[in-house]
Amino acid sequence: MPLKQKPSGKLISFEGSEGSGKSTQIARLAAHLQKAGREVLSTREPGGTEIGEQIRNIIVHNSKGDEMCAETELLLFTAARAQLVREVIAPALTRGVIVLSDRYLDSSTVYQGIGRNLAADPVNQINRFAVGNVMPDLTIVIDVPEKVSLARLKQRASDLPDRMERENIDFYTKVREGYLVLAKGMPERFVVVDGTKTEEVIAKRIWEEVQDRVK
Ligand code: TYD
């Protein structure tokens with residue numbers, strides 16, 4: 001079902017590899033926007049709906065996960081997103097809410113397309129089909145060197161290592177470079193932020209980018 005609303009809210013997606021500090025910065029930006037009087041909704045991918053959480057479970061904690069092929073992975077991530085857009089994001093945008101999305105369609109382009117070598121054209125088509133016309137107004141890439149991502153990941157308290165997180169350094173190099181190439185190709189939508197700076201400096205930089213766009 002194509003979506004046909006002209007949203008009055010804004011969709012801001014956050015991208016970057018694991019351990020880039022997306023969730024910390026999303027929380028900070030949400031607090032800042034709320035202080036400025038805006039209604040904010042934070043969403044998380046994959047998941048964020050009942051159906052999406054079930055799909056997330058299949059992808060992330062499937063004990064035989066290594067056997068899942070890249071095509072299946074792409075279709076599952078985009079299926080979860082299709083549900084999230086129609087059930088949560090589009091209605092919120094129509095109400096004028098600012099939606100902060102922890103990952104969005106660029107994650108599929110980069111992780112499944114570039115990371116797992118799926119052809120760009122079908123990935124883009126499937127991505128577009130899944131989100132309808134709900135594209136981000138702004139995408140913030142928090143860029144960290146792949147070694148930093150891996151080191152931060154290892155410090156994370158986690159009961160089960162996610163299958164995505166067992167990937168090796170080459171995969172993270174591809175992911176990082178993939179985001180940088182995407183951002184370069186679409187400078188009107190993307191902003192790349194240096195994720196090695198302090199939390200405060202990164203938050204300030206993000207706020208500079210966001211404040212004019214949400215007026
Ligand atoms: P998650 O546990 O949400 O962690 P993070 O804080 O790193 O986002 O991780 C979800 C994993 O799924 C992460 O390794 C990135 C990956 N992913 C994809 O490969 N494709 C996608 O489309 C999405 C949304 C996530």
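FYI, the numbering just counts along the sequence from 1. Just so it is clear, the model here is predicted, and its values are computed rather than measured. One-based numbering, in listed order, for ligands and for the atoms of each.
By the 6.0 Å contact criterion, CD on Glu200 is enclosed, its count of non-hydrogen atoms from other residues, nucleotides or ligands being greater than 12.
The part of Arg81 lying near ligand 1 is the side chain, judged by heavy-atom distances below 4.0 Å.
Taken to the nearest 0.5 Å, the CD atom of Gln83 stands 5.0 Å off from the OG1 atom of Thr49.
With ligand atoms numbered from 1 in the order given, ligand 1 contributes 5 (P), 6 (O), 7 (O), 8 (O) to contacts under 4.0 Å with heavy atoms of Lys22. Set against the non-hydrogen atoms of Glu45, the atoms of ligand 1 under 4.0 Å away are 3 (O), 24 (C). Those atoms of ligand 1 with a heavy atom of Ser108 less than 4.0 angstrom away are 21 (C), 22 (O).
Residue-to-ligand polar distances keep Tyr111 apart from ligand 1: every N/O pair is separated by 3.5 Å or more.
The closest non-hydrogen atom to atom 1 (P) of ligand 1, taken over Glu18, Arg56, Arg103, comes from Arg56.
Screening Asp137, Val40, Thr139, Ile98 against Ile12 for a side-chain contact (heavy atoms from CB on, under 4.5 Å) leaves a single residue, Ile98.
With hydrogens and angles ignored, the 3.5 Å screen pairs a side-chain donor or acceptor of Arg56 with a backbone N or O of Pro46.
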**Asked** Checking side-chain contact (heavy atoms from CB on, under 4.5 Å) for the pair Ile202/Ile206: CA distance, chi angles, key distance, verdict?
**Response** CA-CA 6 Å; Ile202 297 170; Ile206 291 174; 3.9 Å; yes
